[in-house]
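Report on one structure; see the data block that follows.
The figures here come from the full heavy-atom set of this structure, side chains too, leaving out hydrogens, waters and symmetry mates. Order of appearance sets the numbers: ligands from 1, and atoms from 1 within every ligand.
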Amino acid sequence: MKLLITGGAGFIGSNFVQYWSKKHSEDKIVILDKLTYAGNLENLKKVEKNKNYSFIQGDICNKEDVEKAMTGVDVVIHFAAETHVDRSLYSQGLFAKTNVIGTHVLLEEAIKNKTRFHHISTDEVFGSLPKYSGEKFNEETTYNPKNPYSQSKAQSDYLVKLYHQEHDLPITISNCSNNYGPYQYPEKLIPLAITHAIKGKKIPVYGNGLYFRDWLYVEDHCKAIEVILKKGKIGESYCVGGLEKDVNNIEIVFKILDFLDKDHSHYEHVADRPNHDKRYSVDWSKLKKLGWKPESDLETYLEKTIKWYVDNQKWWEKLLKKK
Ligand SMILES: NC(=O)c1ccc[n+]([C@@H]2O[C@H](COP(=O)([O-])OP(=O)(O)OC[C@H]3O[C@@H](n4cnc5c(N)ncnc54)[C@H](O)[C@@H]3O)[C@@H](O)[C@H]2O)c1
């Protein structure tokens, strides 16, 4: 099988490439990545010498790049996107271009050969749940995105569904909760907090910090995608989420400070993000019926992630210097 992985040099994409290469070494993997600030070839060092691996630096919005990358491909797994909510607040055009137009260019190329298309999306398309409510998002939840990032992801989901309905493209979609793990660019909460704490800088926490997230270790996400590729029903969406009940941002920050032996004064409240989603929580029972469930508990795998950032300080310091 030949897979095209868009955004394979980013956080989840590179973890997926490593996971797949190890488990399915006979498969050919082509990566198409623009190498924006979030894409990093160092994330792919472990696989770059594999004979079945090739990398194309290119843009999903560019038809020629996409045509070249999709030659002979059996399955597209589409990770490439602009992904940081804060950046989307002042770069709406870029988010619309990459996440919506880029997905459209890929879909247009995919319909030529009815190539199987798996779209990586987010639970943020559903908007926000009330705090302390016990409610969860599932595949039937109405989309209600609240910021330019989640709006652009919602639009891309609609496009993917349309290409299935109108053009019979064999698609699946996964809407996953917040991921953590190695190789995540140090702007999202967990790597930002770890790198600040290691540097002895105060960790910035939005508002009162009582924002609840559903955390999933990145390898569990990779396994979920594998199950959907193998057993998912064409045309369907699958929600993917973590083991733990609601965990708020302050709790995450305290866990990180505790592990690094820093006291709890090493953080500061900063002005809140506008329209900040209060709570995400995912019901993954549909995917459980296909045989998947999250395996990694937050306590163990957060520690593992912190250790990775401690051991790979050069990796993230280089990125911070480039900023
Ligand atoms: N990180 C999370 O917690 C999370 C959760 C659920 C879903 N998702 C989704 O998973 C996917 C990957 O997220 P991530 O956190 O790994 O992102 P990331 O920001 O770490 O990586 C994005 C990658 O896409 C590439 N890219 C950006 N624009 C491109 C373009 N125009 N052409 C080609 N490549 C381009 C970047 O260079 C980078 O390698 C995204 O679609 C995101 O919406 C992320």
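Aromatic ring centres of Tyr163 and Phe117 lie farther apart than the 6.0 Å criterion allows. For Tyr143 and Tyr158, the ring centers sit closer than 6.0 Å to each other. The distance between the ring centers of Trp308 and Tyr183 falls below 6.0 angstrom.
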N/O contact list for ligand 1, threshold under 3.5 Å:
from, atom 1, to, atom 2, distance (Å)
ligand 1, 3 (O), Asn179, N, 2.8
ligand 1, 16 (O), Phe11, N, 3.4
ligand 1, 16 (O), Ile12, N, 2.7
ligand 1, 19 (O), Thr83, OG1, 2.7
ligand 1, 20 (O), Phe11, N, 3.0
ligand 1, 31 (N), Asp59, OD1, 2.8
ligand 1, 32 (N), Ile60, N, 3.0
ligand 1, 34 (N), Lys34, N, 3.0
ligand 1, 37 (O), Asp33, OD1, 2.6
ligand 1, 37 (O), Leu35, N, 3.4
ligand 1, 37 (O), Thr36, N, 3.0
ligand 1, 37 (O), Thr36, OG1, 3.1
ligand 1, 39 (O), Gly10, N, 2.9
ligand 1, 39 (O), Asp33, OD1, 3.3
ligand 1, 39 (O), Asp33, OD2, 2.6
ligand 1, 41 (O), Phe79, O, 2.9
ligand 1, 41 (O), Lys153, NZ, 2.7
ligand 1, 43 (O), Tyr149, OH, 2.6
ligand 1, 43 (O), Lys153, NZ, 3.1

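Between Glu317 and Lys321, none of the side-chain N atoms (NZ, or NE/NH1/NH2) sits under 4.0 Å from a carboxylate O, so this pair counts as no salt bridge.
Between the side chains of Asn99 and Ser152, at least one donor-acceptor pair of N or O atoms lies under 3.5 Å.
For Leu319, the side chain to side chain contact (heavy atoms under 4.5 Å, CB included) partners two or more places apart in sequence, or in a different chain, are Asn40, Tyr185, Pro186, Trp315.
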